[in-house]
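For ligands, and for the atoms within them, numbers begin at 1 and follow the listed sequence. Predicted, not measured: the structure shown is a model, and the values here were computed from it. Along the sequence shown, the residues carry numbers beginning at 1.
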Amino acid sequence: MNTFYQMWGTKTPAEALAKIEEQKRKHNYTNPSNLEEQALMLVGEDIYFKLIKGYTEKQWGLQATEIPAFIIRRIPVRLRYDNNYFNDPYQGIPIGGYTAIIEKMLEGIEIQLNTDFLSDKNRFESMAKKIVYTGEIDRYFDYKYGQLDYRSLRFEHQVLENTDNFQGNAVVNYTEREVPYTRIIEHKHFEFGEQKTTVISKEYSEEYKDGTDPYYPINDERNNKLYARYKKLADNKKNIHFGGRLGEYKYYDMDKVIASALSSCESIFNNL
Ligand SMILES: Cc1cc2nc3c(=O)[nH]c(=O)nc-3n(C[C@H](O)[C@H](O)[C@H](O)COP(=O)(O)OP(=O)(O)OC[C@H]3O[C@@H](n4cnc5c(N)ncnc54)[C@H](O)[C@@H]3O)c2cc1C
């Protein structure tokens, strides 16, 4: 509602909804052929051009008219004065961050860092009765059926010596096409930091190629079909569980991936 108020001056949900409906009526594609047409049908021009087009084009590295329509079947519109990104009643991160919580969980357990499991696959696989593999599923099978696509990211970190508060929030997204990054993270705000300086990270969406990290699976038709073939191979490996965003080739948020790991653990390790 804050966004709609800033954009149109609408104050009540009914006013905002009426404005969206009025804008949607101008775009009545019977069979939208790309993301742009689909989005215009769903939310109309103002929201699409201000908030969706530039951001989506940066994320995908493509024009919105080149992206298939099925990518956005719906756009959630929230008619409440609530600036939170998610609707979950509890939102936050562990005190000290994820590194701290994982370090505590792994206390007393032997860990080998900077070690590629696949560089010595046979030896590692002979070490345990059950293995959880959280790397790329296509790479595990030597790209037997071809490579899955990913979107990658690049981060540019800066220490700002002359300000203790750069943007007043942990995350600010930049929806304009002209701004090359998609968002800026200001780390101190995750923990209400009082430091005299501040550290920011600009996030750039990038093409995934050898040497970059695979961040986001691209769950379009081609990739989903290809993944299904790899999954069949994975299902035949009874002592190895393929888990997480790379092992299951699936976009996961933290709460979802943790829930999935907890429930998988029960079935994998119950009968050891
Ligand atoms: C930029 C960014 C921002 C995000 N922001 C949010 C957010 O605000 N809220 C939210 O809920 N979620 C967010 N997520 C999603 C969240 O990070 C993921 O859901 C979560 O990290 C997935 O956990 P995972 O264990 O599946 O994969 P990962 O965290 O990627 O863990 C996989 C592990 O396997 C290791 N590995 C892979 N291959 C090998 C190999 N061959 N040998 C040895 N080790 C290997 C990797 O090094 C890695 O440590 C964000 C993701 C990104 C990329």
Q: Identify all N/O pairs between ligand 1 and the protein with a separation under 3.5 Å and present them as a table of atom names and distances.
A:
residue  : atom   : partner : partner atom : Å
ligand 1 : 11 (O) : M254    : N            : 2.7
ligand 1 : 12 (N) : M254    : N            : 3.3
ligand 1 : 19 (O) : Y252    : O            : 2.6
ligand 1 : 26 (O) : R245    : N            : 2.8
ligand 1 : 30 (O) : R245    : NE           : 2.9
ligand 1 : 30 (O) : R245    : NH2          : 2.8
ligand 1 : 34 (O) : T134    : OG1          : 2.7
ligand 1 : 41 (N) : D116    : OD1          : 2.8
ligand 1 : 42 (N) : F117    : N            : 2.9

Q: Under 6.0 Å between ring centres: does that hold for Y216 and Y252?
A: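 No: the rings miss the under 6.0 Å criterion.
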Q: Are any of the side-chain nitrogens in E156 or R154 under 4.0 Å away from the carboxylate oxygens of its partner?
A: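 Salt bridge present between E156 and R154.
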Q: Would you confirm whether the ring centroid of F155 sits within less than 6.0 angstrom of the ring centroid of Y181?
A: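 Between F155 and Y181, which both carry aromatic rings, the centre distance is not below 6.0 Å.
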Q: Check residues 95-108 and write down every donor-acceptor pair under 3.5 Å in which the side-chain atom is one partner and the other belongs to a residue at least two apart or another chain.
A:
none

Q: Are K53 and E57 within salt-bridge range, i.e. N to O under 4.0 Å?
A: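 Yes, K53 and E57 are salt-bridged.
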Q: Less than 4.0 angstrom from a charged side-chain N to a carboxylate O is my criterion; do D120 and R123 meet it?
A: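 Here D120 pairs with R123 in a salt bridge, since their nearest N and O are under 4.0 Å apart.
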